[in-house]
Every structure is written in C-alpha cells, then in structure tokens.
Amino acid sequence: MILGLFDQFFSPYFLGVPLLAIAIAAPWVLFPKPSNRVIHGRSLTAQNSFILNFTKQILLPLNVGAHKWALLLTVLMINLITLNLLGLLPYTFTPTTQLPLNMGFAIPLWMATVVIGLRNQPTIALGHLLPEGTPTPLIPVLIIIETISLFVRPFALGVRLTANLAAGHLLIQLLSSATLFLIDQMWPVAILTGLVMALLTLLELAVAAIQAYVFVLLLSLYLQE
Amino acid sequence: MLSRVIAVSASGLKSTAPLGAGLVQASRSLHTSSPSLAPVPALPEGGKVRHGIVPEEFFQLLYPKTGATGPYMLGTGLSVWLLSKELYVINHETVAALTVGTVFILAVKKFGPSFASAMDKMEEEKTAWIEDVKDQAMACYADAIEEEKKEQWRVEGRSMLFDAKRNNVSMLLETNYRERLNHANHEVKRRLDYQLALQHLKVRMEKEHMVNWVEKNVVGSITAQQEQESIAKCISDLNVLAKNIQAKATA
C-alpha cells in the first residue's frame, strides 16, 4: 500500500466501522488502575507518583476554590500526553491532529473558566480586561484589544495543539520519505536519518505541547478564579 | 446443584434489606478460596522475556520441534516473505518506525536501570516509613510494659509502707497517751501531797497547842513556895556536885 503524505490524518475505518472512538479511548486502556496493595509494582508506582506530582504542580498557584478542577486538569494532561506519544508510533492515527477534537477540548473548557469567573465575581473578571497602570488615552483601545484576546483564546489553544502535532507528524513523514528516497545515493541518508532521530527526540515535545495546553488553560483559570 | 446455590443466595438476597449487601452475600456462596487477604501474596515477578519483547514461553513452545534457532528462523522467514510478497511495503513509515524504535530502545537502555531503582527506592521509602510507624508503636508498647512492671513492683512495696505508717501512728498515739497519763498522775499526786501536808500541819499544831497548854498549866500551878524549895534544892545539889567534882579532881 502506497501511503500518501496525508493518509495518516484520515481517521481509520475498518470494514466500514469508524475506529475513531477506539483511537480516542486508547489512553484509557494503557494505564493500570491503582491497586489495594501498599507496595505496588514499578509501573504503578511511577504512574501514581507522576500523577501526584503533576497535580501538586498544577494546583500550586491556584486558590482553594479552583481545586475542584484538579481531576479534570490531570485527566486532560494524561490523555493528551498519551494520545500524542502513541501517535509517534508508525501507522498510528493521532486524534489530536484533528482540529475538531482540539476545539472540542478548548472551547468548552475556556468558556467554563470565563462563565465561572463572570458568575462568581463579575467585576474582577471584567477588571481583567484592563491591565493596571495604563495611561488614560490608551484605555478604550486596550479594552478592545483585551476583549479580542479573551475571545481568541480558545482558538489559540485548539489551533496551537493541532498545528504543533500536525506539523510534527508531517515533518516526520517528509523526512522519512526523503531518507527513503535518498537511500539510492548513500551519503545524505545518514545525515537525514540523524536529523529524523533528533526531530523525534524533539517531538517528544508532544509532551511539551500538552504542558503548553494545560498551562494556558490553567492560566485562564487562575486569572478568572 | 447450582440451583440450590442460587436458591440459597436468592434467600440471602431477600433477607438482607439493602441491595448492595444482599448482592455481596449472594456472591459469597460462590467463593471457593478463603476470604482473608492477609498475608498479601507477593507481587509476581515479571515474566522472562528475550530481546525485551518476545516472551520466553514462545521459545519454549517451539523448542521441541525446531530447536534453539527455530523462533529466529520463523521471524526471519516471516519478515522476508512479507517483504517479498509486498504484503508489507517499505515506505516512509518504515523509516519512522526504525527511528522511533532506536530512540525508544536507547532511552530504555540508558534510563531503564536508574528509573527502576528510583521506583524501587520510592517503594522502599514508603515501606520503611510504615515499618517505622510500626516499630515506634512497638517501642511505645514495650516502654508501657516496663512502666507497668515498675508500677506493680511499687504496689508490692505499698503494703510495707502502710505498715510503717501504721506503726508510726500507733507510736504517736501511745506516746500521747503516756504523756497524758503522766500528767494525770502528777496532778493527783499534787492534790494528795496537799492533803498530807494539811494533815501534818494540823497534827503539829495540835501538839504544840497541847504542849503550850500543859506548860502554861504547869507553870501556873507552881506556887511561890514550891519555887523557893526547888531553888534551894538546886543549890544544895549543885554544892554537892561541886564537892564531888573537886574530890575527883584532886584524887
């Protein structure tokens, strides 16, 4: 089967059955559930310690009212990391390269932070629209700019994630194709392979993309609550 | 036979009011092993794998028929067949797969042991903490036992203390009693002495009075003539005595 360059971005079908749900649910399968034992095996220990440390880090700058979001944010982080890391394997479909999925993550969560902020403390939430210490003539312009930036946030979140991952995957594809094509002429192959490897290591920057995502989400949360 | 089990569990279900407990009771009749969880069985050791992926059982499975190189031949032949029949086409994903594989294997080889030892250390720290709690509790109890023994020894000595105190008190009482007895004696003697002195005085005064009366009467009864006679007699006696003494002196 000859793979086109964008075949990896089509959601998989098997005998006419869309496998998108399985692809999205893949992280759920991979993580062992916490057991009753005091002493766990190594993978469970690693998982537990990672989740614990991550939650502590995320909740550090937040006040107590925002701690209700702990579960949601941790789950989001783990889900996205796993989806992205699994997508690095060959012939896998990464759901997070699809813009609709990422917008589906971004818009509801962003809107939740804005609505909660407006409902609980509307004046402070609206006050975020004007940073402190602006000179008086600039105020109207600045309010407009801040409002626009507020409404652009969900798009920024979603598109950032999509673009990072899609671009990364595309680069991998392109460089691998180039390597394959250049095997006939031996020399640049080694260099290109090295570059692909380096890119891959950088692409475990998929992890960083998650950090970016969750952190920005966190930021809006922090600001609103 | 199973219907009986189900009937028993159904009656168990009906007899217990909350549904959850009833379900637990129902399934308990189907348990075969003991319900106790302690001691917790040890975690199973990871299954043996060769080359990190293929389990050892696969090699053992093929060993009787094909010997030691059997699985390797199978792997080689399978992959060559897939490639030759173009069932697996080498495309850009292959390169990607090779690269990802290399990176992953290098990462595992490099960070594997340190990661594993870090995890083990975390678990050991947790175990050590729990054991420390247990040890401290045990030390507390041992100390409590020592204290209790000391208290029991003290209680044994307490009866001696009571005896000593009792002796003390009775001695005090005795002393007090004797003192008071002494005092009472003293007072009684004083009063008796007074009475005695009084009587002595009375007797002496009677005697003196009588003597005085007798003297007075005798002196009153002496007439003048008797007085002259007695004086003359005294003088003659004296002369005689004087003559005698002179005679004795010159003799």
Side-chain angles (χ1 to χ4, degrees), chain A residues 1-8 32 35-50 52-53 85-94 168-183 189-190 192-206, chain B residues 35-47 49 52-53 79 82-134:
Chain A
M1 80 205 132
I2 317 269
L3 283 177
L5 202 53
F6 293 98
D7 270 345
Q8 59 173 331
S35 75
N36 290 341
R37 297 166 165 273
V38 170
I39 306 175
H40 314 294
R42 284 179 192 154
S43 61
L44 198 55
T45 314
Q47 170 187 320
N48 284 349
S49 87
F50 172 73
L52 195 68
N53 283 330
L85 283 176
L86 281 177
L88 289 173
L89 300 170
Y91 299 106
T92 47
F93 168 69
T94 321
H169 277 88
L170 264 175
L171 266 172
I172 291 184
Q173 304 293 342
L174 284 170
L175 282 169
S176 323
S177 313
T179 318
L180 204 59
F181 177 69
L182 287 168
I183 278 182
V189 172
L192 272 166
T193 326
L195 275 173
V196 175
M197 279 182 70
L199 179 73
L200 261 166
T201 328
L202 282 171
L203 214 72
E204 280 133 37
L205 174 135
Chain B
S36 160
L37 279 177
V40 178
L43 285 171
E45 187 60 40
V49 282
I53 300 182
S79 45
L82 283 173
L83 284 169
S84 69
K85 287 268 195 184
E86 298 255 328
L87 287 166
Y88 176 73
V89 178
I90 294 191
N91 44 24
H92 58 269
E93 294 273 13
T94 315
V95 176
L98 285 170
T99 333
V100 170
T102 319
V103 169
F104 186 67
I105 290 174
L106 278 176
V108 164
K109 277 208 160 39
K110 188 152 164 216
F111 300 114
S114 63
F115 182 73
S117 62
M119 292 298 123
D120 285 341
K121 196 162 78 85
M122 266 171 37
E123 289 298 327
E124 263 166 44
E125 275 170 15
K126 214 198 306 186
T127 322
W129 186 78
I130 293 177
E131 292 241 5
D132 188 44
V133 170
K134 181 185 80 161

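Note that the structure is predicted; figures quoted are calculated from it, not measured. A, B, ... follow the sequence lines: proteins, then strands. Residue 1 opens every chain.
- The distance from the CG atom of A/L203 to the OG1 atom of B/T99 is 11.5 Å, given to the nearest 0.5 Å.
- Remark: A/L171 pairs with A/L199 by the side chain to side chain contact (heavy atoms under 4.5 Å, CB included) rule, at least two apart or across chains.
- Along residues 109-119 of chain B, the residues that come nearer than 4.5 angstrom to chain A, judged on non-hydrogen atoms, are B/F115, B/A116, B/M119 in order of number.
- Within the 4.5 angstrom heavy-atom criterion, atoms from both the backbone and the side chain of B/I90 approach chain A.
- Put simply, the side chain of B/E93 gets close to the backbone of A/Y91: a donor and an acceptor are under 3.5 Å apart.
- With sequence neighbours excluded, no residue forms a side chain to side chain contact (heavy atoms under 4.5 Å, CB included) with B/S79.
- A/L200 and B/A96 get closest at one heavy-atom pair: CD1-O, 4.3 Å.
- Evaluation of the side chain to side chain contact (heavy atoms under 4.5 Å, CB included) rule for A/L85 yields A/I81, A/L88, A/E204, A/V207 as partners, not counting sequence neighbours.
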